[in-house]
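Each remark here refers to the structure printed beneath this line.
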Amino acid sequence: MLSIVVLISGTGSNLRALLEAIERSQRGDAADAAGAAPIRARIAAIGADTERANLALADEFGVPSFVVRPRDHADREAWGEALLERVREHGPDLVLLSGFMRLVPPAFVGAFAPNLLNTHPAHLPEFPGAHAVRDALAAGVTETGASIIIVDDGVDTGPVVDQVRVPIEPGDTHATLHERIKAAERRLLVDTVRGVADGTIDLDAIAAKEPTTA
Ligand code: GRF
C-alpha cells in the first residue's frame, strides 16, 4: 500500500478527487471495478502552508493534517526543514504537491525526489510558474493542458510523468478554462497515483531521463 502525504494551499479539489477515488476503490464500487484497476494507496496526511487551505477535507476523510506557515520561520530554508520534519512523521512513500503554491527548498526536494510530484495546470514545458492559466489565455493559443511532474530544484522544470492537452474555447475566462484544466488534472492525478502504487509508473526511471526545460 503506497502511503502518500499531500500538500495543498487552496481548495484542494484535486485532492478531493483523489480521496474519493481511493475511497471508491477501497469499497470496490462496481463502477470502478468495471473500468479501472484498484488504487493501492492511502493518504497518510494532508499538510498546508496556510490555515486558509481546505483542511476540512482531512476531517471529512479522517486523515491527520498539519499546517507549517512560512511566517513562523526565519527563512525559506527553516520553513522547509520544519515542513520536512512534519511530512517525515508520516513516513510517506510519495509526496504530492497538489495546488501547493510555494517552491519547496532543495533540502526538501533532495529528501523525497523522485517520489515528489507536482500537478501543474499547463502542458509543460509550456507556461511554467504560478500563472499558467492566465499566461495561456494571454498567449492566444487554442490549447493548453495539464501535467504531472517530478519536482526538481527548478520552477516546473522536472521530468514529466504524464500530461494531457486541454482545448481553450472561444469566450473562455480564467475560471472556465481553469475548471476544464482541473477536470483533466484530477484524472491525471488519480491515474498517476494508481500507476505509481501498482508499479506501472516507475518514477526512478522517469527521473533518470533528461529533464524538460522551460
Ligand atoms: C490546480 O490547477 C493546480 O495545478 C494549481 O492550483 C490548482 C489547485 O486547485 N497550481 P485545487 O486546490 O486542487 O482546487
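Just so it is clear, the values below take in all heavy atoms, side chains as well, and ignore hydrogens, waters and symmetry mates. Read the numbers this way: they start at 1 and go in the same order the structure lists the ligands and their atoms.
Using a 4.0 Å cut-off between a side-chain N of Lys or Arg and a carboxylate O of Asp or Glu, Glu23 and Arg42 do not qualify as a salt bridge. By the 4.0 Å N-to-carboxylate-O rule, Arg88 lies too far from Glu81 to be salt-bridged with it. A salt bridge does not link Glu185 to Lys182: none of the charged nitrogens lies less than 4.0 Å from a carboxylate oxygen.
If you check which protein heavy atom lies closest to atom 9 (O) of ligand 1, you get Lys182 NZ, 3.1 Å. Residue, atom and distance of the protein heavy atom nearest to atom 13 (O) of ligand 1 are Asn14 N, 2.9 Å. Given atom 4 (O) of ligand 1, the protein heavy atom at minimum distance is Glu185 OE2, 2.5 Å. Annotation: atom 10 (N) of ligand 1 to nearest protein heavy atom, Met101 SD, 3.7 Å. For atom 6 (O) of ligand 1, the closest non-hydrogen atom of the protein is Gly99 CA, 3.9 Å. The protein atom (non-hydrogen) at minimum distance from atom 7 (C) of ligand 1 is His178 NE2, 3.8 Å. At the top of the distance list for atom 12 (O) of ligand 1, counting protein heavy atoms only, stands Gly12 N, 2.7 Å.
Residue-environment remark: CZ (Arg52) stays at or below the threshold of 12 foreign heavy atoms within 6.0 Å.
Of the N and O atoms on the side chains of Asp162 and Thr192, not one donor lies less than 3.5 Å from an acceptor on the other residue. Side-chain polar atoms of Arg102 and Ser9 form no donor-acceptor pair below 3.5 angstrom.
Taking every non-hydrogen atom of Ser13 and a distance limit under 4.0 Å, the qualifying atoms of ligand 1 come out as 11 (P), 12 (O), 13 (O), 14 (O).
For Ile8, the closest heavy-atom approach to ligand 1 does not fall below 4.0 Å. Within the structure, ligand 1 lacks Arg16 among the residues with a heavy atom less than 4.0 angstrom away.
For the atom pair CG (Leu103) and CG (Asp156), the distance works out to 8.0 Å, reported to the nearest 0.5 Å.
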